[in-house]
Amino acid sequence: MPELPEVETVRRGLAPVMEGAVIARVEQRRADLRFPFPERFVERLEGARIAALGRRAKYLLADLDTGETLVSHLGMSGSFRIELDGGEETPGVFHIPRGKALAHDHVVFHLDGPKGRVRVTYNDPRRFGYMELLRREAMDAHPYFAGIGVEPTGNALSPDYLAARFRGKTAPLKAALLDQRIIAGLGNIYVCEAMWRSRLSPEKPAGRLVMQDGAPAPALARLVGDIRDVIAEAIEAGGSSLRDHIRTDGSLGYFQHRFSVYDREGEACTSPRCGDTVRRIVQGGRSTFYCASCQQD
DNA sequence: CCTTGAACCTGGGCGC
DNA sequence: TGCGCCCAGGTTCAAG
C-alpha cells in the first residue's frame, strides 16, 4: 500500500500511542517477513522505551532508549493497526475494542504508554515488508539508507539537483523518478500523478530534461513543484487507499479520489478541454498511467 | 555504469 | 462455483 504519503500517515497515526511508550511485550509470529527478523528481535525490544517515531523515505523509524532504532518497511501490503486495551477513549485514536487476530498478523507490540495499554499489530499479506534493528550511529551506513536519495518534501529536491542526477540518463523519466537513489519515497502512484501535472511524457529520456551545459530545463522546475504539491496534498488527505485500509485506526485515506491518471485507464483526462482518454502502458514491468495528449513534453 | 526482467508472496477481480 | 489468468502501493538480484 505505501508510498511516502501513506507511510507518513501511518507514522502520524502511531506517534500518539508509541512515543513515550514502553514496549512491554512482543509477539513475533513467524521467523521472517521478506527477510529474517534480526537476531533476538523480541529480547532487544522488550523493556525498551520509544523516544520518537520518525520516517525516512518509506521507512518508519522508532528510536529506542537502548540506542537502537526499529526500522520497518511496509513493502506492498504492510499495515499497522492500533487496538486499545481498555482505558479511556483518546481523541484522535480510534478505539478497536476486542481485537481478534487477523490472517497475516505477524508481529504484535504490547505497549505501555501515554494512552494506556495499547496493542500495535503489524499485518502484511504478501510479506514484502521487513523489520530491522540498527544502532543509531550505524544507520546511515546501512545498505537500506546508504545511497538513498533526497526526500521529495525537502529543499534538497531542486531543479539543479534533478539536473545533476538526470544528466546523461537514457532511462525514461518514469524510471528515473521511481529510482530511490535519486528521490526516496516516490512510488508508482505519485510518479504518475506528478508527470501528468507537469505535462511530461513518462517515456522521455530523463537526460533530455537537462540542458547541454548541465542546467535544468524549465520543465524540471515545474516537475519539482508538482512532486512537492502532490506529496503534500496526499499527506494532507491521509494518503491513498486502494485495496486496503491504510490508516492505523482502520479509516481510509482519501487521496485516491483525487487521482488524475493513476488507475484511471480508459477514463477521460481531467484536463480542461483535453477530451483524450487516460492510457496505461507498461514500463519496467509496472503500469504507467498518463494522457498522451497532455504529456508530450 | 546501464537497462530489463524475474523473483519474492497473497489475494482480488474478471472472463469463461 | 470454480479455475486460470492478470493485476497490485516495492525492492533486489541476475543477466545482457
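Every chain is numbered from 1, with letters handed out A, B, ... down the list of sequences.
Using the six-membered ring where Trp is involved, A:F259 and A:Y262 have ring planes that are perpendicular, over 60° apart on the 30 and 60° scheme. Using bins of under 30°, 30° to 60° and over 60° for the plane-to-plane angle, the ring pair A:F109/A:F80 lands in the tilted bin. Between A:Y144 and A:F35, the ring planes are parallel. Angles under 30° get that label, and only those over 60° would be called perpendicular.
Between chain A and DNA chain B, the heavy-atom contact criterion of under 4.0 Å yields a 5' to 3' nucleotide range of B:dC2 to B:dG11.
Among A:E46, A:R119, A:E27, A:R117, the one residue that satisfies the side chain to side chain donor-acceptor pair (under 3.5 Å) test with A:H110 is A:E27.
A:G284 comes within contact range of no nucleotide atom at all, as no heavy-atom separation falls under 4.0 Å.
Aromatic pair A:F145/A:Y59: centroids less than 6.0 angstrom apart.
Of the residues near DNA chain B, A:G285 and A:R181, the one whose nearest nucleotide (by heavy atom distance) lies more toward the 5' end is A:R181.
Comparing B:dA7 with C:dC5, their P atoms are spaced 16 Å from each other, to the whole Å. A distance of about 23 Å separates the P atoms of C:dC3 and B:dC9, rounded to the whole Å. Atom P of C:dC7 sits at a distance of 14 Å from the matching atom of B:dG5, rounded to the whole Å.
Not one side-chain nitrogen or oxygen of A:Y190 sits closer than 4.0 Å to the OP1 or OP2 atom of C:dG9.
Between A:C274 and A:C291 there is a side-chain heavy-atom pair separated by less than 4.5 Å. Looking at heavy atoms from C-beta onward, A:R136 lies in side-chain contact with A:D63 at the 4.5 angstrom threshold.
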Please tabulate, one pair per line, each protein N/O and nucleotide N/O from nucleotides 11-14 of chain C that are separated by under 3.5 Å, including the distance.
{"from": "C:dT11", "atom 1": "OP1", "to": "A:H73", "atom 2": "NE2", "distance (Å)": "2.8"}
{"from": "C:dT11", "atom 1": "OP2", "to": "A:K58", "atom 2": "NZ", "distance (Å)": "2.9"}
{"from": "C:dT11", "atom 1": "O2", "to": "A:R34", "atom 2": "NH1", "distance (Å)": "3.2"}
{"from": "C:dT11", "atom 1": "O2", "to": "A:R34", "atom 2": "NH2", "distance (Å)": "3.0"}
{"from": "C:dT12", "atom 1": "O4'", "to": "A:R34", "atom 2": "NH2", "distance (Å)": "3.0"}

Watson-Crick and G-U pairing of DNA chain C written in dot-bracket, each distance under 3.5 angstrom, with | for inter-strand partners
.|||||||.|||||||

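Around CZ of A:R29, the count of heavy atoms belonging to other residues, nucleotides or ligands within 6.0 Å exceeds 12.
Distance, A:D124 CG to C:dA8 P: 18 Å, rounded to whole Å.
A distance-only check finds a donor-acceptor pair linking the side chain of A:K174 to the backbone of A:S287 [under 3.5 Å]. Side chain of A:Q283 to main chain of A:A175: no donor-acceptor pair is present (N/O by atom type, distance under 3.5 Å, no hydrogens or angles).
The structure places CG of A:L209 at 13.5 Å from CZ of A:R167, a figure rounded to the nearest 0.5 Å.
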